[in-house]
*Asks:* 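First the structure, then my questions, so here it is.
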Amino acid sequence: MLDVRNLCVDVRLHGENYPVLENVYFTVQNGESLGLVGESGCGKSITAASILGLLRPNVHISRGVIDWNGRDLSRIRPKDYQSLRGRELSMIFQDSLSSLNPLMRVGKQLSEAYQIHTPLRGEALRRACLEALEQVGFIDPEATMKRFPHQLSGGQRQRIVIAMAIAAGPQLLLADEPTTALDIITQKKILALLKSIQKQKNMSLVLISHDIGIIGEHCERVAVMYSGWTVECGSVDEIMRDPLHPYTRALIQSMPGTHDKNSPLPTIEGRVPSLTERPKRGCMFYERCPKRCAACRGEIPVIRLESGRRVKCVLYAEGGESRG
């Protein structure tokens, strides 16, 4: 359904171009859930914006393919996205409050999503909105329709955003950190709701998160991103059980609950380099990697394993270590 190959995205700042994404790759099959995981600044949200054609004027795709059902989205005109967004591709953003108009009642905003993408009008439109609110867990949809966003909790607002995102029955839903501002109990409810809707509608899901534990629990496959690269991609079971890239290992090791409670929680020293700090050549993770070697300063290959799993690391090139 979706095949992202060698996607490169540049941003123009102060008269210079800087690479934001470099040769990003992953696929999403029909009805499948894929997790994009990595620290803040790794390029996850830019990847989603590239797929949906929502890049800012100073950001552009310089190379690569975004194959959506045989159509390269990196080559289409902005106006061509009007027939795709909502109907085929849809997105849930991080902040539900900024995704909703504070001056409009919930019913008006939800009905607009249906009016734009479906022929429903009048009583049929109203019934569709009520059914959508019931589907996302509202006990009293009539009362909810009359409320303004500020009168709802964060979890309730996120449910409204989900209802709007799936109004036209998209084939692929991208959820960008949909539970960031929510408490842990509400997070679990929202993620369970997304999975339930995905199964009901046989919809594909791309879940973006900095928490690999969430990805491991709710996705079938995962693409690990670091500083604009896809460093590892494969099934969740494989990667959680036997991470190959040093960055993936570090993410999993830093998960709470994976170690003795009396021992200190492992951390990844340093930080993700800014756009102006990224190395021109070699591995992006070099400065923070405990396995770095001289070869890491050169060209970094993407190694494809027999299972179809891929890892971008010299440790798995011919003659390198297979584990470490």
Side-chain angles (χ1 to χ4, degrees), residues 33-40 44-45 48-49 52 54 85-86 89-114 117 126-170 172-201 203-220 222 255-257:
S33 54
L34 172 84
L36 285 184
V37 67
E39 295 168 272
S40 297
K44 306 182 300 297
S45 295
L52 279 165
L54 296 175
R85 293 194 201 107
L89 304 163
S90 195
M91 187 162 179
I92 301 170
F93 296 93
Q94 290 186 28
D95 184 1
S96 59
L97 192 57
S98 64
S99 299
L100 297 169
N101 188 329
L103 303 179
M104 289 174 60
R105 297 182 191 274
V106 166
K108 175 66 173 173
Q109 298 189 60
L110 182 55
S111 64
E112 281 190 350
Y114 281 94
H117 300 297
R126 180 176 171 277
R127 284 199 307 270
C129 291
L130 292 173
E131 289 172 6
L133 291 176
E134 287 181 353
Q135 186 177 24
V136 296
F138 284 96
I139 298 173
D140 189 352
E142 286 274 10
T144 304
M145 292 264 284
K146 299 173 183 177
R147 292 176 179 163
F148 290 95
H150 73 271
Q151 295 175 310
L152 303 173
S153 69
Q156 289 174 323
R157 288 195 296 266
Q158 197 62 286
R159 290 174 187 271
I160 299 297
V161 172
I162 292 171
M164 293 169 65
I166 64 173
L172 174 65
L173 178 64
L174 296 101
D176 187 3
E177 303 270 13
T179 61
T180 296
L182 306 178
D183 63 83
I184 189 68
I185 301 300
T186 307
Q187 282 185 24
K188 289 182 178 293
K189 290 179 179 179
I190 293 296
L191 290 169
L193 174 63
L194 282 174
K195 288 299 293 181
S196 174
I197 290 173
Q198 181 201 1
K199 289 180 180 179
Q200 289 175 22
K201 298 182 176 293
M203 179 176 63
S204 297
L205 173 68
V206 174
L207 178 61
I208 297 171
S209 179
H210 61 272
D211 188 337
I212 197 166
I214 286 177
I215 297 301
E217 186 177 350
H218 296 279
C219 296
E220 296 151 353
V222 58
M255 288 171 54

*Asks:* Please name all residues satisfying side chain to side chain donor-acceptor pair (under 3.5 Å) with Ser45, sequence neighbours left out, ordered by chain then number.
*Replies:*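 Listed in chain order: Asp176.
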
*Asks:* Look only at the side chain of Ser209 and the backbone of Ile215, and say whether a donor-acceptor pair between them is shorter than 3.5 Å.
*Replies:*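 Checking the backbone N and O of Ile215 against the side chain of Ser209, no donor-acceptor pair under 3.5 Å is found.
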
*Asks:* Please find the pair of heavy atoms, one from Pro178 and one from Ile92, that lie closest to each other, and give the distance.
*Replies:*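 Minimum heavy-atom separation between Pro178 and Ile92: CB-CG2, 4.3 Å.
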
*Asks:* Tell me, which pairs form a salt bridge (charged side-chain N to carboxylate O under 4.0 Å, His left out) where one or both residues lie in residues 179-192, sequence neighbours left out?
*Replies:*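 Non-adjacent pairs meeting salt bridge (charged side-chain N to carboxylate O under 4.0 Å, His left out): zero.
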
*Asks:* Please check if any side-chain donor atom of Gln135 sits under 3.5 Å from a side-chain acceptor atom of Gln200, or the reverse.
*Replies:*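 Their side chains do contain a donor-acceptor pair, which is all the 3.5 Å distance test asks for.
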
*Asks:* Are the side chain of Glu177 and the backbone N or O of Gln94 linked by a donor-acceptor pair below 3.5 Å?
*Replies:*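 Side chain of Glu177 to backbone of Gln94: no pair is present.
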
*Asks:* Look up atom CD in Glu39 and atom CD1 in Ile212, then write down how far apart they are to the nearest 0.5 Å.
*Replies:*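 Result: 11.0 Å between the selected atoms.
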
*Asks:* Any side-chain heavy-atom pair from Leu173 and Val206 closer than 4.5 angstrom?
*Replies:*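 With C-beta onward as the side chain, the pair stays apart.
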
*Asks:* Kindly indicate whether the side chain of Tyr114, heavy atoms from C-beta on, has any atom under 4.5 Å from the side chain of Cys129.
*Replies:*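 Yes; the side chains approach each other to less than 4.5 Å.
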
*Asks:* Kindly indicate whether the side chain of Met91, heavy atoms from C-beta on, has any atom under 4.5 Å from the side chain of Arg85.
*Replies:*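 Heavy-atom side-chain distance check fails, nothing below 4.5 Å.
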
*Asks:* Find the distance between CG (Asn101) and NZ (Lys108) and round it off to the nearest 0.5 Å.
*Replies:*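 Output value for this atom pair is 10.5 Å.
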
*Asks:* Not counting sequence neighbours, which residues clear side chain to side chain donor-acceptor pair (under 3.5 Å) with Gln109? List them please.
*Replies:*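 In terms of side chain to side chain donor-acceptor pair (under 3.5 Å), with neighbours along the sequence ignored, Gln109 is linked to no residue.
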
*Asks:* Checking Thr179 side chain against Leu182 main chain: does a donor-acceptor pair fall under 3.5 Å?
*Replies:*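 No: the side chain of Thr179 does not pair with the backbone of Leu182.
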
*Asks:* If you look at every heavy atom in His117 and Ala168, which pair is closest and at what distance?
*Replies:*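 That would be CB-CB, 3.4 Å.
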
*Asks:* Kindly write out the residues that satisfy side-chain contact (heavy atoms from CB on, under 4.5 Å) with His218, not counting sequence neighbours, or none if the list is empty.
*Replies:*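 Result, side-chain contact (heavy atoms from CB on, under 4.5 Å) vs His218: Leu191, Lys195, Leu207, Ile214.
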
*Asks:* Between Ser90 (side chain) and Ala165 (backbone), is there a donor-acceptor pair under 3.5 Å?
*Replies:*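 Between the backbone of Ala165 and the side chain of Ser90 there is a qualifying donor-acceptor contact (under 3.5 Å).
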
*Asks:* For residues 136-148, please give each side-chain donor-acceptor pair under 3.5 Å, one per line with the distance, not counting sequence neighbours.
*Replies:*
unit_1	atom_1	unit_2	atom_2	d
Asp140	OD1	Ala143	N	3.3
Glu142	OE1	Arg126	NH2	3.1
Glu142	OE2	Arg126	NH2	2.3
Thr144	OG1	Asp140	O	3.0

*Asks:* With a 4.5 Å cut-off on side-chain heavy atoms, are Leu205 and Leu174 touching?
*Replies:*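 They are not in contact (no side-chain heavy atoms under 4.5 Å apart), so the answer is no.
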
*Asks:* Under a 4.5 Å cut-off applied to non-hydrogen side-chain atoms, are Leu110 and Ile160 in contact?
*Replies:*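 They are not in side-chain contact.
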
*Asks:* Applying side-chain contact (heavy atoms from CB on, under 4.5 Å) between Lys201 and each of Lys199, Met203, Gln198, report the one that passes.
*Replies:*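 Result: among Lys199, Met203, Gln198, Met203 is the only option passing the side-chain contact (heavy atoms from CB on, under 4.5 Å) with Lys201.
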
*Asks:* Side chains of Leu172 and Ser204, heavy atoms from C-beta outward: is any pair under 4.5 Å?
*Replies:*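 Leu172 reaches Ser204 side chain to side chain.
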
*Asks:* Using modelled atom types and a 3.5 Å cut-off, is there a donor and acceptor pairing between side-chain atoms of Ser99 and backbone atoms of Asp95?
*Replies:*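 Yes.
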
*Asks:* Arg157: which residues meet the side-chain contact (heavy atoms from CB on, under 4.5 Å) condition with it, sequence neighbours left out?
*Replies:*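 With sequence neighbours excluded, Arg157 shows a side-chain contact (heavy atoms from CB on, under 4.5 Å) to Ser96, Leu97, Leu100, Pro149, Leu152, given in chain and number order.
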
*Asks:* Calculate, to the nearest 0.5 Å, the distance between atoms CG and CD belonging to Asp211 and Glu217 respectively.
*Replies:*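 Nearest 0.5 Å value for the CG-CD distance: 9.5 Å.
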
